[in-house]
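Hydrogens, waters and symmetry mates are skipped; everything else that's a heavy atom, side chains included, is used.
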Amino acid sequence: MLTGCSLTPATTPPPVALPAHWNAPATSPPPAADWWRQFDDPVLDRLVAQALSHNLDLELAAARVQEARALLAGARAEQRPTVDLQAQAARRRTADNAGGNLTTTYSASGQLGYEVDLFGRLRSASTAARARLLESVYTAEALRLSVVTDTVSAYLTLRATEQQLRITDAAVATRQETVRVEATRLRLGADSELTLRQAQAQLAAAKAQAASLRDALGGAQGALAVLTGATPQTLIEDLPPTGRFADLALPLPTPPSLPASLLERRPDIRAALAALRAADADIGAARAQWFPRLDLSALLASDATQLGDLFSGPAAGWSLGGALVAPLLDFGRREAQLAGAQARRRQTETLYRQTVQTAFRDVRDTLITLTEAQARAQAQTQAVTALSRARQLAELRYRAGRGQYLDLLDAERSLLTAQLDRVAAARDARLAAATLFKALGGGWDAASPGDRPGAS
């Protein structure tokens, strides 16, 4: 009856005020494990697979899971008996007036020890170790989801920057031709030096923008190389040229029907809950320190002066015993251990609340970002269409002598800005989609890792 007692408090997650519904136009099933394939880009699929296989952070997380699994095995072993074997041979000379005697003795013994877990101290320690194993597994799953999302985001940023660089390089080529034409017109007296200088300034601005984009492109390549475990040189050689960035599919994830399901989907929330269970088990183990411990022991031994006499009737001996050890005076050690465990439990509960709040804020903020980025991309597309026509009209008026060259420069500058902003808006929409997949807990198996083979 005593061994059935438990001093571990029941783990009850702190109440969280959840919204009744999401501010989203529709609902859908939880994101698929391979959600990044919805971007419909084979290069991205290959890079994600490479990141999952070679990312150093994931290797570190896997090693931590192995450590937690070993600690759980050790905690469970503490609940089982111990058997120690010992064999010994000794040769001894005793001093006397006749020159001494030489004697040889042989001994062998086996000892069985077992602690009866009366008040659940060992059981609580095992429960805490299992909870920490689950916490490490969920943390690894959360890291895996982050690595996938970061890889997708770095790739989208890389491709968007490439598209912006292509647009800017095309503008540089166009403006180089404009400078050549204006220089010729100046030599023929058909235009003024002011027009040529304005064209040269426009060209220099485009070149500066292209240089800035090339710098951003190098940073994106380096970030993707770190995530995939490749060198930047290897990454550049392995990335084939692709089409326009805007041709990438834009998946539109929407939250599941019930906000509470987010608590079951996100691995970081489940890791925080596992940490809460471990903290409760630590309290149980600390409370059990206040109560007596019952240790049972059994000994089977044999001593003889001849090796062949070992385990013979006269040489054999045995003993059975039990020891009840109760705390009497420790000057507050156990009290301090219990107070520390309770304080850590309060910290863990606070971290759980923070994790839940962060999760719902992530979903809310990303839904807003995705909606606004889509609206911005649509508006920028309309702006590019209008500014392309405005540039054509400004050039026609200038060539016909009815318009100012400054009007043409403004139209070209505005068109380039709108084209770059359209790519940025498309990038932001796709980045928001990837972030929303992560916020919804997509990209991993929501079944409890503790139920997987080898998890326990």
Worksheet entry | Residues forming a ring-ring contact (aromatic ring centres under 6.0 Å, His included) with Y114, sequence neighbours excluded | none

Item to complete: Flag the pair F119 / P292 as yes when at least one side-chain heavy-atom distance between them is below 4.5 Å, and no otherwise.
Response: yes

Worksheet item: Closest approach of P251 and Q38, non-hydrogen atoms and distance?
Response: CB-OE1, 3.6 Å

Worksheet entry | Residues in salt bridge (charged side-chain N to carboxylate O under 4.0 Å, His left out) contact with E67, at least two apart in sequence or another chain | none

Practice prompt. For L224 and Y155, work out which heavy atoms get closest and say how close.
Written response: CD1-N, 4.1 Å

Tabulate below the donor-acceptor pairs under 3.5 Å that side-chain atoms of residues 368-375 make, not counting sequence neighbours, or state none.
residue, atom, partner, partner atom, Å
T369, OG1, D365, O, 2.9
T371, OG1, L367, O, 2.9

Worksheet item: Looking at residues at least two apart in the chain, or sitting in another chain, which of them share a salt bridge (charged side-chain N to carboxylate O under 4.0 Å, His left out) with D362?
Response: R266

Practice prompt. Only counting residues at least two apart or in another chain, list the ones meeting side-chain contact (heavy atoms from CB on, under 4.5 Å) with E335.
Written response: W290

Item to complete: Give a yes or no on whether the backbone of L133 and the side-chain of S136 come within a donor-acceptor separation of less than 3.5 Å.
Response: yes

Discussion item. Keeping R180 on the side-chain end and Q176 on the backbone end, is there a donor-acceptor pair under 3.5 Å?
Written reply: no

Worksheet, complete the sentence: Residues pairing under salt bridge (charged side-chain N to carboxylate O under 4.0 Å, His left out) where one sits in residues 275-291, two or more places apart or in two chains, turn out to be R132-D282, D280-R345

Worksheet item: What heavy-atom pair brings G284 and S124 nearest, and what distance separates the two atoms?
Response: C-OG, 3.7 Å

Practice prompt. Could you name each residue pair satisfying side-chain hydrogen bond (donor to acceptor under 3.5 Å, both in side chains) that touches residues 377-387, not counting sequence neighbours?
Written response: none

Worksheet item: Measuring from D268:CG to L145:CG, what's the distance to the nearest 0.5 Å?
Response: 8.5 Å

Practice prompt. I would like to know whether K438 and T366 meet side-chain contact (heavy atoms from CB on, under 4.5 Å); could you show each step before the answer?
Written response: CA-CA 10 Å; K438 175 186 176 182; T366 310; over 6 Å; no

Practice prompt. Decide yes or no for T127 and R130: does some side-chain heavy atom of the first lie under 4.5 Å from some side-chain heavy atom of the second?
Written response: no

Worksheet item: How far apart are the C-alpha atoms of L112 and T82, what are their side-chain angles, what is the distance that settles it, and do they pass the side-chain contact (heavy atoms from CB on, under 4.5 Å) test?
Response: CA-CA 6 Å; L112 175 68; T82 60; over 6 Å; no

Worksheet item: When you check the gap from the basic side-chain N to the acidic O, do E349 and R346 get nearer than 4.0 Å?
Response: no

Response to the item:
Taking every heavy atom of A125 against every heavy atom of A75, the minimum-distance pair comes out as O-CB, 4.0 Å

Worksheet item: Counting distance only, does the side-chain N/O of R80 pair as donor-acceptor with the main-chain N or O of R76 below 3.5 Å?
Response: yes

Discussion item. Considering only residues two or more places apart or on different chains, which pairs with a residue in residues 47-59 satisfy salt bridge (charged side-chain N to carboxylate O under 4.0 Å, His left out)?
Written reply: none

Worksheet entry | From D41 atom CG to R46 atom CZ, the distance as rounded to the nearest 0.5 Å | 9.5 Å

Item to complete: Name all residues meeting the side-chain hydrogen bond (donor to acceptor under 3.5 Å, both in side chains) criterion together with R361; count only those two or more places apart in sequence or in a different chain, and write none if there are none.
Response: none

Worksheet item: So, for P327 and Q289, which heavy atoms are closest and what is the spacing to 0.1 Å?
Response: CG-O, 3.8 Å

Fill in: Atom pair CG (L415) and CG (D410), whose distance is rounded to the nearest 0.5 Å
12.5 Å

Discussion item. Strictly distance-based, threshold 3.5 Å: is any side-chain N or O of E135 a donor or acceptor partner for the main-chain N or O of A274?
Written reply: no

Worksheet item: CG of L393 to CZ of R397: how many Å apart, nearest 0.5 Å?
Response: 8.5 Å

Discussion item. Is a donor from one side chain sitting under 3.5 angstrom from an acceptor on the other, for Q419 and R422?
Written reply: no

Worksheet item: Got a sec, which pairs hit salt bridge (charged side-chain N to carboxylate O under 4.0 Å, His left out) with one end in residues 206-220, sequence neighbours left out?
Response: D169-R214

Fill in: From CA spacing to verdict: side-chain contact (heavy atoms from CB on, under 4.5 Å), E78, E115
CA-CA 9 Å; E78 290 290 333; E115 178 183 345; over 6 Å; no

Discussion item. Any donor-acceptor pair under 3.5 Å linking the side-chain atoms of R413 with those of Q202?
Written reply: yes

Item to complete: Please examine the side chains of F291 and L118, heavy atoms only from C-beta on, and report whether any two atoms are closer than 4.5 Å.
Response: no

Worksheet item: Do you know which two heavy atoms are closest between T355 and A272, and how far apart they sit?
Response: OG1-CB, 4.1 Å

Discussion item. Any non-hydrogen side-chain atom of Y138 less than 4.5 Å from a side-chain atom of L273?
Written reply: no

Discussion item. Holding to salt bridge (charged side-chain N to carboxylate O under 4.0 Å, His left out), I want the full list of residues that pass it with R427, two or more places apart in sequence or in another chain.
Written reply: none

Item to complete: Could you grab the distance from atom OG1 of T149 to atom CG of L436, nearest 0.5 Å is fine?
Response: 10.5 Å

Worksheet entry | With sequence neighbours excluded, residues passing salt bridge (charged side-chain N to carboxylate O under 4.0 Å, His left out) with R333 | none

Discussion item. With no hydrogens and no angle check, just 3.5 Å: does a side-chain donor-acceptor pair link Q163 and R166?
Written reply: yes

Item to complete: Side-chain contact test, heavy atoms from C-beta onward, threshold under 4.5 Å: evaluate it for L213 versus L217 and give yes or no.
Response: no

Worksheet item: When you look at V148 and W36, which way does the side-chain contact (heavy atoms from CB on, under 4.5 Å) test go after all the steps?
Response: CA-CA 8 Å; V148 171; W36 59 87; 3.4 Å; yes

Worksheet item: Only one of V423, L416, D421 clears side-chain contact (heavy atoms from CB on, under 4.5 Å) with Q164; which?
Response: V423

Worksheet item: Does E412 reach the side chain of R175, with side-chain heavy atoms less than 4.5 Å apart?
Response: yes

Item to complete: Decide yes or no for L248 and D40: does some side-chain heavy atom of the first lie under 4.5 Å from some side-chain heavy atom of the second?
Response: no

Fill in: Inter-residue atom distance D150.CG - T228.OG1, 0.5 Å rounding
12.0 Å

Worksheet item: Under 3.5 Å, is there a donor-acceptor pair between the Q392 and R389 side chains?
Response: yes

